[in-house]
Amino acid sequence: MARAGGFTTLIGQRWAMLFLLIELVFFSFLGGGFFTMNGFQIVLFYSTTLALLATAETFVIVTGGIDLSVGFVMGFASVVSAKLAVRFDSLGLAPELSILFAVLVTLAIGLLPGFVNGVLVARLKVPPFLATFAVQGITYGTSLIITQGSAAINVPNLANVIGNSYFIHLVPGRGIWFFTRPEAARGADVIDIIPTMVVVTVLVIAVASFLLKRTRFGRHTYAIGGNIDAALRAGINTRRHLVVIYVLSSLFATLSGIIYMLEYVSGKADAGSSFMLDSVVAVVIGGASLFGGVGTIWRTILGVLILSVLEMGLKMMGVQTFDKYIAVGIILIFAVLIDQFFPEMIHKED
Amino acid sequence: MKRSLVLVLAVALAALMAMPLFAGGSQEAGKKSVTIAFMPGVADPFYYTMEKGIRAKAKALGVNIVVGDYPDSWGPEKQVPNLQALMAKGGIDLLLIAPTSNQALVAPLKAISDKGIPVITVDTYLGDGDYSKPSAYSFPLAYIGTDNKLGGKQVAEHLAKLIGEKGKVYVVNTNPDASSVIDRGNGFKEGIAEFPNITLVGMDYCMDNQQKAMELTTAALQKNPDLAGIFGVNVFSAQGSAQAVKNAGLAGAVKIASWDATQTLIDALKGGDIDLVLAQLPGQIGSLGVDAGYKYLTAKTAPQKKIIPGFQFFTKDNVNDPAMQQYIYSK
Amino acid sequence: MGDKALAMKGGREKASVFSVLARNWSFFFLVLTVVIFSFTGKNFFALNNFQSIIHLATTALLLACAETFVIITGGVDLSVGFVLGLSAVASASTMQLLYAAHWSAPASVLVGIVVGIAASLACGLVAGVMIARFKVPPFIATLGTMGIAIGVSYHICGGFPIGYLPPGLTDIGNMYVLYVHPASGAWSFFARPASIAANQIKELVRIAPISFILIFVFLLLLWHLLKNTRFGQHTYAIGGSMDASVRAGINTRRHLILIYVLSTFLAGLAGIVDLFQSGTGNFTTFGAQLELFAIAAVIIGGASLMGGKGRILASAVGVLLLKVLENGLNLSGVQPFYRYIAVGLILIVAVVIDQLFPDLF
Amino acid sequence: MGYVLEVRNITKRFGGLVAVNDVSMGVQAGEVVGLLGDNGAGKSTLIKVISGVYKADAGKILFMDKEVQIDSPMDALAMGIETIYQDLALAENLNTPANIFLGREKMKKALGFLNVLDHAYMQKESSKILEKLDILIPSLRNRIRALSGGQRQAVAISRSIYWDAKFLIMDEPTAALGVAEQKKVISTINLLKSHGIGIIVISHQMHDIFQVADRMIIMRRGEKVAELVTKNTNADEVVSLIVGAETVTK
């Protein structure tokens, strides 16, 4: 296949990676402070939310659906975990236990919106766009009622210690610390390496990627997205599978909400609202099709990195606030255009 | 071929990621004058005006100013990444910031402060805003901002006078998540409580959406046709409620107090659509911030922990007063 | 497959009462909510309350109309909310500029409107070309133009609502068609009777805000366009089967471009209406979610995101249902936060009904 | 001579692949020609060239003895070459008259100035054409979605006939139909034949082809390998030609 034009085809297939590389080079020259270890860590640290939500979205989009509720499920989880942590704390539990229990209970509660989504989509055949849109409203309303609209605060400070810690702390000339930041004089030169939440996110994504790529569950997910009738005839329990997919999506969103709570020591109903569309965009930039059957976690993460590097890079360059929307808009269209043109070149030949 | 390209890209990526490890630390060289960073809370007229004040003062003192990316909506998840991007530029000696959450911003600001960059919070604060006694959030040098509660209270007093100290009043607030407007609302409540013949019939949140404010006020007027006064806690809520009152044919009959002296509100005041505008002094807040920061950096004089510039009231009587014009917000 | 189809057909003939109910459930639901809120809501059942609900729903109605056309073709337009803001900001800043340059008020307003609409049409054209020519999924193409609309409108206004506009905008935008003064028997069109002083305005009965004329004209026009014209028929056909439409000789590319241009035209018009009603050029804030509200209303009206069905008047009922719900819950003293849950639940009911009776619509 | 439609030396390549290689054939008025071949034999490509979806790399098309240029499906339709695809290309959300008139709606003046769709006219004409083809559809108001496979097929055929098809290409007309419905389609094809329309039928159902076709053209690997008169051949011969056991030139 593809003897002539092999190189362009290759670029067409790998354009996302190439694009990321171009971004990295571009901002290394023009983004103030981008080309430093700190700069890269910041980009990674603030792409964790998007990465988790986009991972959730990848599963759903591969089945041919869409989950509009992830952003507000994330907010819901942040609010619930924060409120629970405060509650457990006020009951006199040790901060470690309060947070642990809050996290565990939230993970359980976080399955609920996904379950509702799944039942609506799989059993009642409600279009995913609508089912998840409705659930978005319900979770948002519930979080607002829980918090009376304001942020859920007064979370034990331990959350902050966990959420903003780094894997390694290096003090030149004094030694190396893991997880806890050494007490150092103000202004001392502590080098922080690898934020813990980034490690957590990478682990979660690795598991997700394994699930989608290497397991039967993953195979079935693609099968359903490719042709749900064929999947059904092949003996896949598509209803149950779809319910599990939406529950999984909700679970990733919940995790993201918990990380938000740990990082910001508070919960906020609309914490994830602005990431909702971005998460779909990242998946699409990663080459997935909204019609289902195509997409991988790894390429989604590439999409996430393209977006966050672009956003942080532009910020560090000092580009005017709202120009970034224009940039993202144009790149988005550009991304899909490339995806539209290159497969055509390939398909026409067979 | 595919495989090899992936490999090349991966190696290039890895090399690129690793390089900063060796390249770090060369930022500081060659810097002479003082650089102050400003991280606004959200893209709105108030902070643009503050930036103007900051830049004016900085120019006078010969200070460099770097301004962070204006967050497009209110909240730490929007502001903190912008803050980190701003700080990553390096070479910053002092930070002026309007924290968008009194708790979520404690950790990131503490880390910045620990790196030896002093922090001054403007307009909004950490914790309860009291940095004078030791606490987890007492590290900033100072808080400079309007006393929103006092402002709300004074608005209540002014509005009470306008409506003859009796009747029903209503508040259109913006966002239950922003400490500044919540303080305004609470201050207003306290102020109104001192007038036994005035009742507060409700407080709604328009989420910074003028159309929404209009709908809410229309509904409030429907519930209470004899409403005597309305307090719109910022530009959008005041404009929306003014229009709703006008639509209901109650212009003049319902007195409207508002907050933040944007040109639009001043025009509305001139046109008789609203009756009172409280002008904060964002420019002055910014300028005081730069001043305090500069003195701290150059002369090591610590500023007061709390600096509260006053505010001004625009009414029909003084709106054309040339001395008042400086308080109108502008970019 | 044949058996199932036959069974459904049989069902249609038998269950005509059900079909009328299911087909128009949103309308009956609207009537039901009005009845309930008339008991629970303070001053809910009042002429001026209904008038202001519809008056303040003008922009939402226009956006829902826009979305109806797009959704019938099987697409979705995420940009409408921010195109509304772009149009308001672009036209307001033009008016401000020209008025400051001593143009007459009508001239600057007119040019401002043209500029605002032109800016909106540009967005629709870009999205339409992307979708029709380059087969970009509508979700992505309109998300792209949405980003561009946000960026451009903030460039124009810098985050400030735009004031300094020619006077009288809000007087026009919020004017009533008929004013009656029951006490004196005086009445007049479009302005309060000359014999009535400004402070007596509360005693006036004002009938039909001017926005009613606009809504009425546009609903009628768009209803006609969709129901009775070739354009409308082709819109349904494209949503039903793109393939069939192409083979039937419909210029689907041009048609789709027109659909997205029409959509942003209506969004742009909504921006102008907003400008006239509020008197300031407001950009769209991020929490507004106007586009999602419009899509929800259209779906409640019985349209399907798969395309091929949807009705203008039903979409209008969808908007009114959501607005009445909001207003009624407010007047009944329900906390605003419960509104989100109520809307979510109603949506689910809507779609489940739609799924239970798929061929009745 | 006397062909409604004739193709001469058609060749169509996709990159290095020759999908149709130097194929010539013709169909007379009132004649049904069966086009047979295994998957990938080039049948679909050939009819797509005729219906204007693809443009041939070489060769020419004659319609009513005149050389014609068919650059798009529109050109083919304008000449009276109609194609009924396997998926029927109907808008399932619309009713029968709307589909028959799709793209060529009849308009009328309402209130003297408004150009509106003439629903009554389209409905009347639709029932006329259905009657003419002896097709029964319970209610013309029903959406296509509510019709059976055979009824849909009938609607698609009626559409072509209403618009004066002189030449009809039918791609797998009997696939996915019940036995009774298959019979109905066969009788409809025979009816069309008696109206003097030239027809190409592509089908895997050998049985059906033998029932309706006057002649058969067999393709393999892009080439025409045989042209047979139905009554002079049998299923075994045809099958062996399709799979390539022997090559007969006649």
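Chain letters run A, B, ... following the sequence lines, proteins first, then strands; residues in each count from 1. Not measured: the values here are computed from a predicted model.
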Given that the side chain runs from C-beta out, which part of Ala253(B) has a heavy atom under 4.5 Å from chain C: side chain, backbone, both or neither?
neither
Portion of Tyr179(C) that has a non-hydrogen atom of chain B nearer than 4.5 angstrom:
neither
What do you reckon, is NZ of Lys59(B) surrounded by more than 12 foreign heavy atoms closer than 6.0 Å?
no
Does a sphere of radius 6.0 Å around CZ in Phe313(B) hold more than 12 heavy atoms from other residues, nucleotides or ligands, not counting ones at 6.0 Å or beyond?
yes
Test side-chain contact (heavy atoms from CB on, under 4.5 Å) applied to Asp171(C) and Lys246(B), step by step
CA-CA 9 Å; Asp171(C) 296 335; Lys246(B) 226 170 144 186; 3.8 Å; yes
If we define contacts as heavy-atom pairs under 4.5 Å, which of Asn327(C), Ile162(C), Asn48(C) has the most with chain B?
Asn48(C)
Taking a cut-off of under 4.5 angstrom between non-hydrogen atoms, the residues of residues 272-284 of chain B near chain C are none
Heavy atoms from other residues, nucleotides or ligands near CZ of Phe190(C) exceed 12 (cutoff 6.0 Å)
yes
Cut-off 4.5 Å, heavy atoms of chain C, and the answer for Gln222(B) is both
Between Phe236(B) and Asn282(C), is any pair of side-chain heavy atoms under 4.5 Å apart?
yes
Taking Lys223(B) for its side chain and Lys42(C) for its backbone only, find out whether a donor-acceptor pair lies under 3.5 Å.
no
From CD1 (Ile150(C)) to CG (Asp72(B)), nearest 0.5 Å:
8.0 Å
The interface call for Asp267(B) against chain C, heavy-atom contacts under 4.5 Å, is side chain
Could you measure the distance from the CG atom of Leu216(B) to the CD atom of Glu326(C)? Nearest 0.5 Å is fine.
8.0 Å
Quick one: CD on Gln211(B) to CG on Leu84(C), what's the gap to the nearest 0.5 Å?
8.5 Å
Interchain contact, Thr284(C) with chain B, by part (heavy-atom threshold 4.5 Å):
neither
Report, as yes or no, whether the 6.0 Å neighbourhood of atom NZ on Lys270(B) holds more than 12 heavy atoms from other residues, nucleotides or ligands.
yes
Testing Asn330(C), Leu56(C), Ile53(C) one by one against Glu215(B) for a side-chain contact (heavy atoms from CB on, under 4.5 Å), which residue passes?
Leu56(C)
Is Val235(B) in contact with chain C via its backbone, its side chain, both, or neither, using a 4.5 Å heavy-atom distance?
side chain
With rounding to the nearest 0.5 Å, note down the distance linking OH in Tyr70(B) to OH in Tyr154(C).
13.0 Å
At a 4.5 Å cut-off on heavy atoms, which part of Thr262(B) comes close to chain C: side chain, backbone, both, or neither?
neither
Heavy-atom closest pair (Ala248(B) atom, Arg206(C) atom, distance to 0.1 Å) is O-NH2, 3.2 Å
Between Pro161(C), Gly279(C), Ser52(C), Pro167(C), which shows the greatest number of heavy-atom pairs under 4.5 Å with chain B?
Pro161(C)
Quick check for you: to the nearest 0.5 Å, what is the distance between Ser278(C) atom OG and Gln210(B) atom CD?
4.5 Å
